[in-house]
Student: 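What follows is a structure written as structure tokens; I'll ask about it next.
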Amino acid sequence: MSTNIKNNLPQTNQLTLGVFGFGVVGKGLYDVLKSTPALQASIHKICIKNPDKKRAIPAENFTNNAHELLLDENINVIVELIDDAEAAYTIVKTALQNGKHVVSANKKMIAANLEELLYLQKKHAVAFLYEGACCASIPIIRNLEEYYDNDLLSSVKGIVNGSTNYILTKILEEGLGFKDALLQAQQLGFAESNPALDIEGHDAANKLSILLAHAFGKIIETSAFLYSGITSIKLSDAQLAKQKGLKIKLIATAQKVEGNKLAAFVLPQFVEQHDELADVSNEFNGLITESSFADKHFFKGKGAGAYPTAAAVLSDIAALRYNYKYEYKKYYLQTDYELSNDYYLKVFVSSNDIDKINKEDFEWIEEWHNEATNNWVVGIIHAGKLLENNWWKQPGVSLILNQNPIVTNVEYRKINKKSLELAGVV
Ligand code: HSE
């Protein structure tokens with residue numbers, strides 16, 4: 001007896017898409033959709049800002065009237081792929097209110113409005129998916145939502161911005177200048193339209209904010225935690241790293257620390273050659289999760305660019321066919337964990353002028369190096385002090401985290417040190 005396997009498949013939903021944006025990712029999505037006809041998803045219309053711009057596909061595909069998509073009852077999915085976060089917010093909000101499912105890749109918009117967007121998708125019983133907003137092709141949000149649901153996740157850390165990783169690779173490993181490396185990242189479609197979002201760390205911070213929601217159920221604005229980018233890293237820092245056999249990467253970390261504290265930060269960090277993240281180069285992203293029972297997992301994939309991002313958007317669209325939604329279980333469960341800046345970091349700070357380094361802020365200093373224009377210290381500092389004080393963000397000063405940056409037992413070590421001092425041992 002022959003069975004028709006096709007007939008046994010569940011009924012699929014026909015997806016009619018209204019797409020906002022036809023930039024790097026929008027065009028990438030158009031191409032990947034053409035290559036996946038089995039998906040049963042078709043683009044009905046694409047809304048763009050500038051109707052006069054010459055496009056790669058016929059003009060009848062486009063409109064510049066957002067309502068044509070948002071009010072069209074035939075469109076059941078809005079795919080938002082524009083880079084203006086405020087306009088994206090209005091589009092997404094209206095689409096959810098109009099009962100349409102939404103797929104977005106706009107990390108800035110999501111990080112800034114997640115609480116409200118979560119409320120709206122629940123209220124209107126629609127799905128809001130955004131895998132493409134965090135590490136592009138790496139399916140990290142769905143893994144955090146589903147796989148780590150029952151496991152005791154203790155940390156998520158990694159490289160979450162493709163442009164800065166591309167720039168650091170080109171500068172530190174291939175000797176290119178910063179400007180040229182940035183230009184390449186822009187030309188390859190990795191960087192944001194405003195590349196300051198990448199190089200000053202805002203983009204990575206937005207992604208960390210999204211990770212915090214799905215990993216630990218905490219919706220936290222980026223202003224609440226410590227972050228910086230790669231603009232202050234100096235050639236002398238890179239040379240020193242090379243001498244010590246280390247690499248420098250911009251790393252986002254969310255980690256449970258003592259008590260019920262959750263530390264979150266995005267900072268440049270020294271990475272040992274044997275660390276999984278050391279081999280994450282160019283526009284690739286890499287994430288390491290640690291949890292009590294599963295132990296360590298390492299995810300690596302392209303973190304920027306047209307097709308890697310479009311692939312994640314496509315996967316979200318495909319997931320709508322079986323009514324997939326994020327459940328935000330950890331958020332609704334409300335665990336005891338709270339974001340805290342009350343923890344200590346081991347940092348390397350270098351400066352062209354020793355007086356720019358505020359030595360008073362350190363709990364203790366382990367290494368000193370004084371040379372006319374190349375001064376550096378390695379010491380232990382309270383994260384809250386770094387968040388409050390900006391001396392380490394002055395021109396000419398760079399701060400890079402130690403390989404294992406979070407330092408515990410600081411109070412005990414301070415007492416110990418004090419008693420040794422009193423006893424005249426040190
Ligand atoms: N500008 C971003 C990056 C694009 O470089 O990672 C992908 O989110």
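All figures in this text were calculated on a predicted structure; none of them were measured in a lab. Just follow the structure's listing: the first ligand is 1, and inside any ligand the first atom is 1.
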Student: Have a look at ligand 1 and work out which part of Asn161, if any, has a heavy atom under 4.0 Å from it: side chain, backbone, both or neither.
Tutor: both
Student: I'd like to check whether Gly162 has a polar contact with ligand 1, where a contact means an N/O of the residue lying under 3.5 Å from an N/O of the ligand.
Tutor: yes
Student: When you measure from atom 2 (C) of ligand 1 to every protein heavy atom, which one gives the shortest distance, and what is it?
Tutor: Glu192 OE2, 3.1 Å
Student: Within the structure, does Phe190 bring an N/O atom to less than 3.5 angstrom of an N/O atom in ligand 1?
Tutor: yes
Student: Give the residue, atom name and distance (to 0.1 Å) of the protein heavy atom nearest atom 8 (O) of ligand 1.
Tutor: Lys107 NZ, 2.6 Å
Student: When you compare the side chain of Glu131 with that of Ile140, does any pair of heavy atoms fall below 4.5 Å?
Tutor: yes
Student: Whether the side chain of Ser291 engages the backbone of Phe293 through a donor-acceptor N/O pair (distance < 3.5 Å, no angle test) should be reported.
Tutor: no
Student: Assess the side chains of Ser281 and Thr169: does a donor N or O sit below 3.5 Å from an acceptor N or O?
Tutor: no
Student: Can you confirm if the aromatic rings of Tyr227 and Phe265 lie within a centre distance of less than 6.0 Å?
Tutor: no
Student: Within the side chain of Ser163, is there an N or O that forms a donor-acceptor pair under 3.5 Å with the backbone of Ala191?
Tutor: yes
Student: What atoms of ligand 1 come within less than 4.0 Å of a heavy atom belonging to Asp198?
Tutor: 1 (N), 2 (C), 3 (C), 5 (O)
Student: Measure the distances from the heavy atoms of Gly303 to every atom of ligand 1 and state whether one is below 4.0 angstrom.
Tutor: yes
Student: Check for me whether Lys300 meets the cation-pi criterion with Phe284, that is, NZ or CZ under 6.0 Å from the six-membered ring centre and within 45 degrees of the ring axis.
Tutor: yes
Student: Between Glu283 and ligand 1, which residue portion shows a heavy-atom distance shorter than 4.0 Å: side chain, backbone, both, or neither?
Tutor: neither
Student: Check for me whether Lys207 has a heavy atom closer than 4.0 Å to any atom of ligand 1.
Tutor: yes
Student: Both conditions, 6.0 Å and 45 degrees, for the charged tip of Arg55 above the ring of Phe22: are they met here?
Tutor: no
